[in-house]
Amino acid sequence: MKNMKSLLEEAGKIIQISNFTIAFTGAGISVESGIPPFRGEHGLWNKYDPQVLDLGYFLNNSERSWLYIREIFYDFFAEAKPNQAHRVLANLESNKLLNAVVTQNIDNLHYEAGSKTVYEFHGNSKKLKCLKCGQVYDAKDIDFENIPPKCVHDGEVLKPDFIFFGEGIPHDAYADSFAAAEKAEVCIIVGSTGEVTPASYVPRTAKQAGATIIEINPDETIFTSSITDIHLKGKAAETLNKLQEILF
Ligand code: NAD
């Protein structure tokens, strides 16, 4: 079995010669920024009922849904800052070693770290949208003391601009993510269980198109035994930092 150093060197060489590399990120990349994942021992679904993010439930119980949404996404997420893993991906992009980040995360941390080409497969919590007129609001301009927040034009309840259970993937993010996966020669999966579809088809599409799959996760996932070529078993920030040291 290869040790971590030789796996990192192998991954580094493959990234250096790749003409098109994408990263596919999940909740695990933001764990070291203080945002827990949904699943697992400390996952958010051990504390909250996922029903609050069901579109049908939200439409009928917006005040109750908003109580939890505010706590999870606007009291809690709002404090989070990008960590070294987000920063390394931004550095790789500015050094032409990474072409795009496809993220399942809704926390905006890739943009805050400086990444430019980010496809947000599940939307972004920093924006809110009126379900009636489509007006988009910046979360920083919303008074979360009064919930549910409402549209100033028509008084309709605002919904966070990330997808709820029962909603489709935003069209452009979907198209751009799969187009990037088709072109990818390398796909770096960071901190994702691979249990959420259709997002998990992005790295699977890359694999089918011939990409080498590098996975960074302290645990094994359903990707590890099915599509992963190189598993860098470790936390995102430390592992990506080591990879960066090899690359620069
Ligand atoms: P998940 O919650 O299903 O799994 C998280 C994965 O991260 C696990 O495989 C775990 O082993 C790994 N992990 C934990 N700590 C890590 C670390 N320090 N470094 C690297 N990996 C680590 O996450 P998912 O597959 O992204 O699916 C959950 C869905 O929930 C996503 O689609 C996303 O939309 C949403 N979500 C987003 C956020 C966010 O925006 N930060 C947070 C929670 C959930």
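For reference, positions follow the sequence shown, starting with 1. Order of appearance sets the numbers: ligands from 1, and atoms from 1 within every ligand.
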Of the listed options (G194, G191, A80), which comes nearest to atom 6 (C) of ligand 1 when hydrogens are ignored and any heavy atom counts? G191
Closest to atom 12 (C) of ligand 1 (heavy atoms only, candidates N217, T103, N83, V190) is N217
Could you check whether the rings of F121 and F178 sit parallel, tilted or perpendicular, using 30° and 60° as the cut-offs? perpendicular
What about H122: any of its N or O atoms under 3.5 Å from an N or O on ligand 1? yes
Just jot down the ligand 1 atoms closer than 4.0 angstrom to any heavy atom of A27, in number order. 2 (O), 23 (O), 24 (P), 26 (O), 42 (C), 43 (C), 44 (C)
Would a single hydrophobic cluster contain both F24 and V190, if residues Ile, Leu, Val, Met, Phe, Trp and Tyr are joined by side-chain heavy-atom contacts under 4.5 Å? no
Please classify the V31 to ligand 1 contact at 4.0 Å (heavy-atom distances, strictly less than): side chain, backbone, both or neither. side chain
What protein heavy atom sits nearest atom 28 (C) of ligand 1, and how far off is it? R39 NH1, 3.3 Å
In the protein, what heavy atom is nearest to atom 38 (C) of ligand 1, and what distance, to one decimal place, separates them? N105 OD1, 3.9 Å
Taking only Lys NZ, Arg NE, NH1 and NH2, and the carboxylate oxygens of Asp or Glu, determine whether E9 and K13 approach each other closer than 4.0 Å. no
Please tell me whether I214 and I22 are part of a single hydrophobic cluster in this structure, the criterion being side-chain heavy atoms less than 4.5 Å apart. no
Transitively linked via ILVMFWY side-chain contacts under 4.5 Å: I106 with Y137? yes
Parallel, tilted or perpendicular for Y68 and Y48, by the 30°/60° rule? perpendicular
Starting from atom 8 (C) of ligand 1, locate the nearest protein heavy atom and write down its residue, its atom name and how far away it is, to 0.1 Å. T193 CG2, 3.6 Å
Where does V196 meet ligand 1, judged by heavy-atom distances below 4.0 Å: at the side chain, the backbone, both, or neither? side chain
Compare all side-chain heavy atoms of F223 with those of N217 and state whether any distance is below 4.5 angstrom. no
Checking heavy atoms under 4.0 Å, the part of E195 that sits near ligand 1 is neither
Any idea how F164 and F58 line up, ring-wise: parallel (<30°), tilted (30 to 60°), or perpendicular (>60°)? perpendicular
Honestly, for I106 the part within reach of ligand 1 (heavy atoms, under 4.0 Å) is both
Return the closest protein heavy atom for atom 31 (C) of ligand 1 as residue, atom name and distance. Q104 CB, 3.7 Å
For atom 29 (C) of ligand 1, what's the nearest protein heavy atom and its distance? F38 CD1, 3.8 Å
Does a salt bridge link E167 with K159, judged by any charged N lying under 4.0 Å from a carboxylate O? yes
I need the contact type for S192 against ligand 1. Using non-hydrogen atoms and a strict under-4.0 Å cut-off, is it side chain, backbone, both or neither? both
Indicate whether the side chain of T224 and that of E215 have a donor and an acceptor atom separated by less than 3.5 Å. yes
Short list, please: which atoms of ligand 1 are under 4.0 Å from a heavy atom of I35? 41 (N), 42 (C)
Polar side-chain atom of H122 near backbone of Q104 as donor-acceptor pair, under 3.5 Å: yes
Would you mind listing which atoms of ligand 1 come within a distance below 4.0 Å of any non-hydrogen atom of D219? 11 (O)
Could you list which atoms of ligand 1 come closer than 4.0 Å to a heavy atom of K235? 18 (N), 19 (N)
With heavy atoms of P36 as the reference, note each atom of ligand 1 found under 4.0 Å away. 42 (C), 43 (C)
Give me the nearest non-hydrogen protein atom to atom 41 (N) of ligand 1 as residue plus atom name, then the distance to 0.1 Å. D107 OD2, 2.7 Å
For atom 7 (O) of ligand 1, tell me which residue out of G28, G123, G234, G26 has the closest non-hydrogen atom. G28
Closest non-hydrogen contact found for I69 with P160 is CG2-CG, 3.8 Å
Does a salt bridge link E120 with K127, judged by any charged N lying under 4.0 Å from a carboxylate O? no
Hydrophobic clusters here meaning ILVMFWY residues chained together by side-chain heavy-atom distances under 4.5 Å, can you tell me if I14 and I189 are in one? no
Side chain, backbone, both or neither: which part of A199 has a heavy atom under 4.0 Å from ligand 1? neither
Which of the ligand 1 atoms, numbered from 1, are nearer than 4.0 Å to a heavy atom of E32: 17 (C), 18 (N), 19 (N)
Pick from S33, S30, P50, A236: the one approaching atom 19 (N) of ligand 1 most closely through a non-hydrogen atom: A236
